[in-house]
Amino acid sequence: MRKEVRYAFQKTSPVMLGFLFLGASYGIYMHKLGFNFLYPLLMAATIFAGSVEFVIGNLLVQSFQPLTVLILTALVNSRHIFYGITMLKKYSNTGKLKPILIFGMCDESFSLNATLKAPAGLDRSYVYFYITAFNYFSWVAGAGLGGLLGGMINLNLAGLDFVMTALFINVFRPG
């Protein structure tokens with residue numbers, strides 16, 4: 001198992017660094033919206049959909065509209081349907097690890113696991129698992145850390161709401 005852990009860590013360490021930074025940004029953003037560090041930590045642990053988490057943070061400070069949240073989440077994360085279809089064969093014999101691999105599917109885990117050619121002697125199921133777990137825990141740790149640091153960092157986040165809206169308009173525009 002140590003070989004799988006080491007190999008997965010080497011493959012995903014750049015992603016982990018990015019997730020720590022982005023997760024911390026999310027945690028700081030949530031703190032600036034008025035939430036204590038538990039909100040970004042728990043949301044990161046249960047939702048694990050970075051772009052949606054930023055948007056939901058903004059939606060939580062407005063009057064809550066569950067249908068809007070549901071539709072927005074479904075639209076933003078609909079790409080995971082195609083990721084899942086692509087990974088059906090790779091994840092077919094992963095046994096007890098399959099639910100974790102499915103829950104932990106994000107863009108970065110998909111990219112790494114879809115293109116992975118595990119060296120001989122390594123259990124590919126566990127390599128997939130460790131890549132997914134490293135990515136997941138680095139995002140959650142970053143979000144929690146950002147939530148804690150949010151009170152110590154003085155940032156002016158005015159206009160960030162517009163940036164997030166522009167990001168999603170750009171993602172969903174045709175052509």
Side-chain angles (χ1 to χ4, degrees), residues 4-30 35 37-60 69-118 122-147 160 163-173:
E4 286 86 356
V5 171
R6 190 175 319 119
Y7 181 77
F9 185 82
Q10 290 171 348
K11 289 292 181 187
T12 197
S13 58
V15 172
M16 290 170 48
L17 288 173
F19 273 5
L20 282 170
F21 176 76
L22 288 171
S25 300
Y26 165 65
I28 291 167
Y29 175 66
M30 288 293 287
F35 297 97
F37 81 97
L38 289 175
Y39 279 84
L41 180 69
L42 294 174
M43 286 174 61
T46 57
I47 299 171
F48 193 52
S51 53
V52 169
E53 291 170 48
F54 277 95
V55 172
I56 288 177
N58 189 37
L59 292 175
L60 287 174
V69 173
L70 178 69
I71 291 170
L72 181 65
T73 303
L75 284 173
V76 171
N77 288 326
S78 62
R79 67 188 184 280
H80 290 271
I81 294 169
F82 302 103
Y83 293 169
I85 291 169
T86 303
M87 297 304 285
L88 282 174
K89 188 172 181 181
K90 281 197 174 238
Y91 288 174
S92 65
N93 295 317
T94 55
K96 64 185 179 196
L97 301 175
K98 190 182 287 188
I100 297 164
L101 295 172
I102 292 168
F103 172 75
M105 179 78 72
C106 63
D107 300 347
E108 296 78 6
S109 295
F110 168 76
S111 297
L112 290 169
N113 288 337
T115 60
L116 184 74
K117 304 276 192 265
L122 296 183
D123 183 335
R124 70 173 176 81
S125 296
Y126 278 96
V127 173
Y128 297 151
F129 167 76
Y130 288 120
I131 286 173
T132 303
F134 284 142
N135 289 342
Y136 173 79
F137 286 113
S138 60
W139 173 258
V140 173
L145 183 64
L160 188 62
V163 171
M164 294 305 293
T165 303
L167 169 72
F168 285 103
I169 289 171
N170 203 22
V171 166
F172 288 111
R173 71 180 171 87

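Keep in mind the model is a prediction, meaning the values are calculated, not measured. Just so it is clear, the values below take in all heavy atoms, side chains as well, and ignore hydrogens, waters and symmetry mates.
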Practice task
Compare all side-chain heavy atoms of F110 with those of H80 and state whether any distance is below 4.5 angstrom.
Solution key: no
Exercise for the section: Kindly compute the distance separating CG (N77) from CG (L72), expressed to the nearest 0.5 Å. Expected result: 9.0 Å
Problem - Close side-chain approach of V69 and I56, heavy atoms under 4.5 Å - result: yes
Fill in the blank from the handout: R124 and A118 have their tightest heavy-atom pair at CB-CB, 4.0 Å
Handout entry: Nearest atoms (heavy-atom pairs only) where C106 meets F19
Key = SG-CZ, 3.9 Å
Exercise for the section: Find out whether T94 and M87 are in side-chain contact, i.e. whether some heavy atom of one side chain is under 4.5 Å from a heavy atom of the other. Expected result: no
Practice task
State whether the number of non-hydrogen atoms from other residues, nucleotides or ligands found under 6.0 Å of F103 atom CZ is greater than 12.
Solution key: yes
Exercise for the section: With sequence neighbours excluded, give me every salt bridge (Lys or Arg N to Asp or Glu O under 4.0 Å) pair touching residues 92-116. Expected result: R79-D107
Handout entry: Residue pair F48 / G104: nearest heavy atoms and the distance that separates them
Key = CE2-O, 3.4 Å
Completion exercise
Taken to the nearest 0.5 Å, the spacing of L70 CG from L75 CG works out to 9.5 Å
Handout entry: Nearest-0.5 Å distance, OH of residue Y7 to CG of residue L122
Key = 7.5 Å
Practice task
For K90 and Y128, indicate whether the former's side chain and the latter's backbone hold a donor-acceptor pair under 3.5 Å.
Solution key: no
Handout entry: Residue pairs passing the side-chain hydrogen bond (donor to acceptor under 3.5 Å, both in side chains) test where at least one lies in residues 40-49, sequence neighbours excluded
Key = none
Problem - Over 12 foreign heavy atoms within 6.0 Å of NZ, K11 - result: no
Can you list, pair by pair, the side-chain donor-acceptor contacts under 3.5 Å of residues 134-144, counting residues two or more places apart and other chains?
{"residue": "N135", "atom": "OD1", "partner": "T12", "partner atom": "OG1", "Å": "2.4"}
{"residue": "N135", "atom": "ND2", "partner": "S109", "partner atom": "OG", "Å": "2.8"}
{"residue": "N135", "atom": "ND2", "partner": "I131", "partner atom": "O", "Å": "3.4"}
{"residue": "Y136", "atom": "OH", "partner": "A45", "partner atom": "O", "Å": "2.6"}
{"residue": "S138", "atom": "OG", "partner": "F134", "partner atom": "O", "Å": "3.0"}
{"residue": "S138", "atom": "OG", "partner": "N135", "partner atom": "O", "Å": "3.0"}
{"residue": "W139", "atom": "NE1", "partner": "E53", "partner atom": "OE1", "Å": "3.2"}
{"residue": "W139", "atom": "NE1", "partner": "E53", "partner atom": "OE2", "Å": "3.3"}

Exercise for the section: Could you tell me whether the side chain of I47 reaches within less than 4.5 Å of the side chain of T73, counting heavy atoms only? Expected result: no
Exercise for the section: Would you please classify the geometry between the Y39 ring and the F35 ring as parallel, tilted or perpendicular, with 30° and 60° separating the classes? Expected result: tilted
Handout entry: Within 6.0 Å of OH in Y130, more than 12 heavy atoms from elsewhere
Key = yes
Handout entry: Side-chain heavy atoms of T132 within contact of N113, under 4.5 Å
Key = yes
